[in-house]
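Working notes, structure below.
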Amino acid sequence: MLDTNSAANAFQTPAGVWNGLVHHDDRTDSFTISFAPDGTVSLRTSRSVGTGVWSAGQPGRFSYELTELFTPAADQSGRVQIHVEAHLEGAAYRGIGTVMVCTPDGVPVHTTSARFTADHLAGGQAAWHDVVGLAAPIRGRTLHPGDDGFEEACSGWLLTVEHRPVAVVVAADAADVAAAVRFAAEAGRPVAVQSTGHGKSVPADGAVFIAVGELRELSVDPGAGTARIGAGLRWGEVLAAAAEHGLAPLCGSSGNVGVMGYLTGGGLPLAGRTYGFAADRLRSLDIVTADGLLRTVSPTQEPDLFWAVRGGKSNFGVVVAAEIELLPLRTIYGGELYYPGEDPRHAAHVLGSYLAWVKEQPEEMSSSVTLLRFPDAPQLPEEFRGRSFVQFRVVYTGAEEQGARLVEPLRALGPETDTCGAMPYTQITEIYKDPKTPVMAHLRSALLHELDDAAVAELISLIHSSTPGGPFPNIELRHLGGALNRPPSRSHAVSTQGAAFHLWLRMPAPAERADAARKAADEVLERLRPWDTGAMLPGFLFDHDSAPERVRRAYTEADYRRLATLKAEYDPNDLFRINHNIPPLSNGERTRS
C-alpha cells in the first residue's frame with residue numbers, strides 16, 4: 001500500500017482518475033480507473049466493475065492488480081484477474097500485463113497478455129471510487145459523474161434544485177431499488193429517490209440517487225375498480241388506461257406529475273371537495289425500507305407504516321408500486337375564466353365576488369382562483385404582455401346543466417376568456433395548463449383562513465403594475481372544505497387542519513435573479529401572514545418550506561410525533577433524509593413521551 005503523503009502529485013504517482021484502453025486478443029476495450037491515495041483501485045467498464053490495490057515502484061513506475069466482475073448488463077458471469085506493470089509518461093501511462101478470465105468460482109479458462117494505455121482525467125480520486133461495486137448486483141444502469149446520461153437522470157421539472165449525487169441507480173425493478181438501498185446503508189450514504197423531478201426540494205449531494213422512472217407497471221381491474229401502478233408512471237398514462245374502462249384516478253392539475261410523489265404527499269385532486277385526498281384511495285403500497293426489504297403495506301399489513309407513508313412521502317422508504325381505487329367518472333364540467341386585472345377596483349370586485357360565490361357551492365364543485373401578472377416580454381403572446389389577470393378554474397362532478405347554472409354568477413362578471421363546458425375526464429389536467437417543460441421557479445405554500453376584504457386588497461396589490469420590473473408572482477388559492485376537511489375512511493397523515501384555502505405560490509426565478517425571486521416569495525407570504533393558519537400540506541414543501549420548522553407545520557402535533565416515532569422504528573439512522581425530512585424520535589424523547 002502506498003502512503004497517502006507520497007501520492008500527492010499525479011505526475012509522480014498515478015493517484016487520480018484515468019480514461020484508458022486495453023488491447024488484447026485482437027480487440028480493444030475502454031475503461032475508467034481511479035487510483036486512490038490510500039493504495040486502492042476502482043475500475044469501471046460498460047460491462048463490469050473491479051476493485052484492487054496499487055503500489056509505487058521506482059520513480060514514475062507503479063503496478064496494480066484487481067479483480068473485475070461482470071455486471072448483469074454484460075449478460076455473462078465470471079471474473080477477470082488483471083495484473084499490470086506500468087510507467088508514467090506525463091499525463092498518460094503505459095502498461096503491460098496479463099488478463100486471466102475465470103469462472104464465477106475462480107477456475108481459470110483463458111489467459112492472455114495485454115497492453116494498457118490511459119490518459120489522466122482528473123486529480124484526486126473519482127467521486128465514484130468508493131461506490132464502484134454498486135453496479136455489480138444492478139440489472140438496470142448505474143451512472144456516475146461524467147457518465148453519459150448522468151446529468152439527465154439527475155435533472156427534472158424543477159430546475160432551481162440541482163442534485164450532485166455520488167451515483168445514480170436507474171432501477172429496472174424493485175430488486176435494484178433494494179440493492180441500492182442496502183448499499184447506501186452499508187456505505188453510510190443517504191438515499192434520494194426521483195421519478196419525474198416535480199417533487200425536488202433538497203439537493204441530493206453525496207447521496208445514492210435512485211431513479212424509478214423505468215418502473216412502469218400498469219394494469220387496470222375494471223371489475224374491482226382498481227389499478228396497479230408502478231412508481232415510474234405519470235398521471236396522464238394512468239388517466240388514459242383507466243378511461244378505457246370508464247374509470248378515473250384522483251389526479252391533480254398536471255398529467256406530467258409522477259404518481260408516487262403525488263400519492264405519498266397526500267395528493268390534492270382537482271375534484272378534491274367531492275372525493276377527498278388521493279391518499280384516501282390508496283389500497284396498498286410496495287415499499288423498500290431502510291433495511292433493504294421489500295414490504296407490502298395496507299390497512300391489514302403493517303398498518304402503521306401504511307398510515308405514515310401516505311403523507312410522510314419518502315421519509316420511510318422507496319415506494320415502487322401501489323394499488324389505487326378508481327372512480328366511475330367519464331365526464332366532468334370544467335374550465336377556466338379569465339378577467340382583466342389591471343384596474344385594481346375591478347379586480348377586487350371580481351375576486352370578492354368569487355369568495356362570496358364559493359361559500360354557496362356544493363361539494364361537487366371544486367375551484368380555485370389564480371392571480372397573475374406577466375412581464376412585457378416579447379416571448380409571451382401579445383394578449384398577455386405586461387398585463388395582470390384574475391383567473392378562475394372550476395371542476396364540477398355532477399350533471400352538465402347544473403354545472404352551467406352554478407358557474408353562471410362567475411360568467412356574469414364578464415370574463416375575457418371562458419372555456420367552461422362538459423369534457424371527458426381524461427382532459428381534466430388540461431384545465432390548469434401547467435407547464436410541460438422544466439421551469440426555474442421558487443415554490444412556496446400555506447394554508448389560509450377564510451379571506452376578508454382586507455385580504456382581497458392585499459392580494460390584488462400583489463399583481464399591480466406599480467413595480468415595473470417585477471416581481472411577477474403566480475398566486476393560486478385552491479378552495480378546500482367538503483370531503484377534504486372530513487376524516488378519511490383510511491386514516492393517513494394528511495390534513496387541511498380546517499383551512500379554507502390552499503395557497504400555492506410560483507415565483508419565476510431566472511438564474512441571474514434567483515435571490516431576488518426568493519425574497520419576493522418571502523414577502524408575499526409575509527404580507528398574507530394575517531390569514532395564514534400556520535399549517536401546510538406535506539405535498540407542497542419546496543424551497544424554504546422544506547426547513548425543519550416548516551415541515552412540522554404540515555402535520556398536527558400528534559401526527560408529527562407519531563411519524564417521528566415510526567421513523568425511529570423503520571429508519572433509525574435517517575437514511576431517507578433527502579426530502580422534507582422528519583428526523584427519527586430519539587430514545588430519550590420516546591421515553592419521555
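Numbers here simply count residues along the sequence, with the first being 1. We use all heavy atoms of the structure for the numbers below, so side chains are in, but hydrogens, waters and symmetry mates are not.
- Contact check for Leu480 versus Leu268: side-chain heavy atoms found under the 4.5 Å cut-off.
- In summary, Arg562 and Asp304 engage in a salt bridge, as defined by a charged side-chain N under 4.0 Å from a carboxylate O.
- The distance from the CG atom of Leu326 to the CG atom of Leu250 is 9.0 Å, given to the nearest 0.5 Å.
- Side-chain contact annotation: Thr226 with Asp221, donor-acceptor N/O pair under 3.5 Å absent.
- Side-chain atoms of Asp418 come within 3.5 Å of backbone atoms of Cys420 as a donor-acceptor pair (strictly under, hydrogens ignored).
- Of the charged side-chain nitrogens involved, none lies within less than 4.0 Å of a carboxylate oxygen, so that Arg550 and Asp543 do not count as a salt-bridged pair.
- Ring geometry, Phe374 versus Phe389: the interplanar angle exceeds 60°, so the pair is classed perpendicular (tilted spans 30 to 60°).
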Side chains of residues 498-506: which donor-acceptor partners sit under 3.5 Å, not counting sequence neighbours?
| residue | atom | partner | partner atom | Å |
| --- | --- | --- | --- | --- |
| Arg506 | NH2 | Asn474 | OD1 | 3.3 |
| Arg506 | NH2 | Glu476 | OE1 | 3.3 |

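- Contact of the Leu525 side chain with the Asp532 side chain is not registered, since no non-hydrogen atoms from C-beta on lie closer than 4.5 Å.
- Note on residues 246-298: pairs passing ring pair (Phe, Tyr, Trp, His ring centres under 6.0 Å), not counting sequence neighbours, are Trp235-Tyr262.
- Contacts classified as ring pair (Phe, Tyr, Trp, His ring centres under 6.0 Å) and involving residues 148-176 (residues at least two apart or in different chains) are given here: Trp157-His198, His163-Phe209.
- Here Lys567 contributes atom NZ and Ile582 contributes atom CD1; the two are 7.5 Å apart, rounded to the nearest 0.5 Å.
- For Lys436, there are no side-chain hydrogen bond (donor to acceptor under 3.5 Å, both in side chains) partners two or more places apart in sequence or in a different chain.
- A salt bridge is absent between Arg139 and Asp176: the closest approach of a Lys/Arg side-chain nitrogen to an acidic carboxylate oxygen does not fall below 4.0 angstrom.
- In terms of the side-chain contact (heavy atoms from CB on, under 4.5 Å) criterion, residue partners of Glu364 (sequence neighbours excluded) are, by chain and number, Thr274, Pro362, Tyr396, Thr397.
- Residue Glu152 qualifies as open at atom CD: its count of foreign heavy atoms under 6.0 Å is 12 or below.
- Side chains of Glu383 and Tyr338: no donor on one and acceptor on the other come within 3.5 Å.
- The shortest non-hydrogen separation linking Ser201 to Ser546 is O-OG, 4.0 Å.
- Checked against salt bridge (charged side-chain N to carboxylate O under 4.0 Å, His left out), Arg283 has the following partners two or more places apart in sequence or in another chain: Glu323, Glu325.
- Smallest separation of non-hydrogen atoms from Ala174 and Val288: O-CG2, 4.3 Å.
- Considering only heavy atoms from C-beta on, Pro249 comes within 4.5 Å of Leu239 through its side chain.
- Proximity of Leu537 to Ser445: side-chain heavy atoms (C-beta onward) are nowhere separated by under 4.5 Å.
- To the nearest 0.5 Å, the span separating CG on Leu459 from CG on Leu528 amounts to 5.0 Å.
- For Arg577, the salt bridge (charged side-chain N to carboxylate O under 4.0 Å, His left out) test picks out no residue, with sequence neighbours left out.
- Pairs passing the ring pair (Phe, Tyr, Trp, His ring centres under 6.0 Å) check and including a residue from residues 417-445, sequence neighbours excluded, do not occur.
- Between the side chains of Ser254 and Asn256, not a single donor N or O lies within less than 3.5 Å of an accepting N or O.
- When side chains are defined from C-beta on, Val394 counts as touching Leu410, because their heavy atoms get closer than 4.5 Å.
- Ser195 pairs by the side-chain contact (heavy atoms from CB on, under 4.5 Å) definition with Val212, not counting sequence neighbours.
- Across all their heavy atoms, Ala517 and Pro508 have their closest contact at CB-O, 3.3 Å.
- Residues satisfying the salt bridge (charged side-chain N to carboxylate O under 4.0 Å, His left out) test with Arg182, not counting sequence neighbours, are none.
- Between atom CG of residue Asn315 and atom CD1 of residue Ile578 there is a gap of 11.0 Å, rounded to the nearest 0.5 Å.
- With values rounded to the nearest 0.5 angstrom, Glu151 atom CD is found 10.5 Å from Leu143 atom CG.
- Heavy-atom minimum distance, Arg411 versus Pro415: O-CD, 3.2 Å.
- Between the side chain of Asp147 and the backbone N or O of His144, at least one donor-acceptor pair lies under 3.5 Å.
- Within the structure, the ring pair (Phe, Tyr, Trp, His ring centres under 6.0 Å) test picks out no pair touching residues 278-317 (sequence neighbours left out).
- Considering only residues two or more places apart in sequence or on other chains, Asp205 meets the salt bridge (charged side-chain N to carboxylate O under 4.0 Å, His left out) condition with none of them.
- In terms of modelled atom types and a separation under 3.5 Å, the side chain of Arg273 and the main chain of Ser366 share no donor-acceptor contact.
- A distance of 6.0 Å separates CG of Leu372 from OG1 of Thr370, quoted to the nearest 0.5 Å.
- Heavy-atom minimum distance, Arg393 versus Ile431: NE-O, 3.6 Å.
- Ion pairing between a basic and an acidic side chain is recognised when a charged N comes within 4.0 Å of a carboxylate O; Glu162 and Lys200 show no such pairing.
- For the residue pair Arg310 and Val494, the shortest heavy atom distance occurs at O-CG2, 3.6 Å.
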